[in-house]
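Just so you know, residue 1 is the first one in the sequence shown, and it goes up from there.
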Amino acid sequence: MDAGEFVFLLSEQWCLEKSVSYQAVEILERFMVKQAENICRQATIQPRDNKRESQNWRALKQQLVNKFTLRLVSCVQLASKLSFRNKIISNITVLNFLQALGYLHTKEELLESELDVLKSLNFRINLPTPLAYVETLLEVLGYNGCLVPAMRLHATCLTLLDLVYLLHEPIYESLL
């Protein structure tokens with residue numbers, strides 16, 4: 001299962017709005033890019049010893065894999081906190097969900113995970129998503145007397161955005 005798909009399913013399970021799903025995916029992707037940059041930076045700083053380098057890469061990869069689900073859920077939780085129209089996902093809900101998946105984390109680990117995401121992104125998590133741009137364009141169309149009702153266009157745009165988020169890899173590969 002793709003990380004974006006997991007975020008969408010989790011958001012649906014927790015009855016979150018689409019805007020929260022998109023925001024969570026954006027936060028997660030930006031966080032993972034920062035993680036990859038940090039790993040590459042560490043690899044270039046450390047001395048070249050093939051055996052040791054291989055062990056370090058494995059250790060870093062394993063660390064990322066072990067905490068990925070926790071980080072993903074933290075991104076969804078952070079996105080829910082940014083949405084004023086939506087409910088905020090509580091720590092208890094997140095911990096119960098993680099426990100159901102077999103991950104045993106404490107509230108402190110959950111808070112540390114959120115803080116790690118925030119620090120990694122320099123606390124810049126409230127950036128516009130493609131949905132914000134689409135809604136702005138639809139609003140302009142509505143004021144300019146568009147013949148198609150804005151609500152129908154909005155629903156169509158949400159479907160298309162879902163498709164692009166869920167199938168972004170094949171779409172981007174075909175475009176490039």
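Nearest approach of Leu161 to Pro130, heavy atoms of both residues: CD2-CB, 3.7 Å. When all heavy atoms of Ile27 and Cys75 are compared, the closest pair comes out as CG2-SG, 3.6 Å. Residue Ile125 comes nearest to Leu118 through the heavy atom pair CD1-CD2, 3.6 Å, listed as atom of the first residue, atom of the second, then distance. Of all heavy-atom pairs between Val164 and Ile171, the closest is CA-CD1, 3.9 Å.
No side-chain heavy atom of Val94 sits less than 4.5 Å from a side-chain heavy atom of His105. Put simply, the side chain of Leu158 reaches to within 4.5 Å of the side chain of Leu131, judged on heavy atoms. A 4.5 Å side-chain heavy-atom check between Leu16 and Ile89 finds at least one atom pair inside the cut-off. When side chains are defined from C-beta on, Phe6 does not count as touching Asp2, because their heavy atoms never get closer than 4.5 Å. At a threshold of 4.5 Å between non-hydrogen side-chain atoms, the residues Val117 and Leu28 do not count as touching. Asn96 is listed as a side-chain neighbour of Gln99, based on a closest heavy-atom distance under 4.5 Å.
Note that NZ of Lys67 is 10.0 Å distant from OG of Ser74, once rounded to the nearest 0.5 Å. Rounding to the nearest 0.5 Å places CG of Asn91 at 4.5 Å from CG of Leu110. In this structure, Leu101 CG and Leu70 CG are separated by 11.5 Å, a value rounded to the nearest 0.5 Å. If you take CD on Glu109 and CG on Leu104, they are separated by 9.0 Å, rounding to the nearest 0.5 Å. The distance from atom CG of Leu166 to atom CZ of Phe8, rounded to the nearest 0.5 Å, is 5.0 Å. Atom-to-atom distance recorded for Leu111:CG and Leu115:CG is 8.5 Å, nearest 0.5 angstrom.
Remark: Arg71 pairs with Ser113, Asp116 by the side-chain hydrogen bond (donor to acceptor under 3.5 Å, both in side chains) rule, at least two apart or across chains.
In the hydrophobic clustering of ILVMFWY residues, with side-chain heavy atoms under 4.5 Å counting as a link, Phe97 and Ile92 come out apart.
In this structure, Gln23 contributes its side chain and Val76 its backbone to no donor-acceptor pair below 3.5 Å. Ser83 contributes no side-chain N or O that, together with a main-chain N or O of Ala79, makes up a donor-acceptor pair within less than 3.5 Å.
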Criterion side-chain contact (heavy atoms from CB on, under 4.5 Å) on Tyr22 and Asp162, from CA distance to verdict: CA-CA 9 Å; Tyr22 301 137; Asp162 284 353; 2.6 Å; yes
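Annotation: side-chain hydrogen bond (donor to acceptor under 3.5 Å, both in side chains) contacts involving residues 117-136, sequence neighbours excluded, comprise Glu135-His154.
Of the N and O atoms on the side chains of Tyr165 and Glu26, at least one donor lies less than 3.5 Å from an acceptor on the other residue. A donor-acceptor contact under 3.5 angstrom links the side chains of Thr93 and Ser90, judged on distance only.
Annotation for Glu37: atom CD counts as buried by contact number, over 12 foreign heavy atoms lying within 6.0 Å. No more than 12 heavy atoms of other residues, nucleotides or ligands lie within 6.0 Å of NZ in Lys34, so this atom counts as exposed by the packing criterion.
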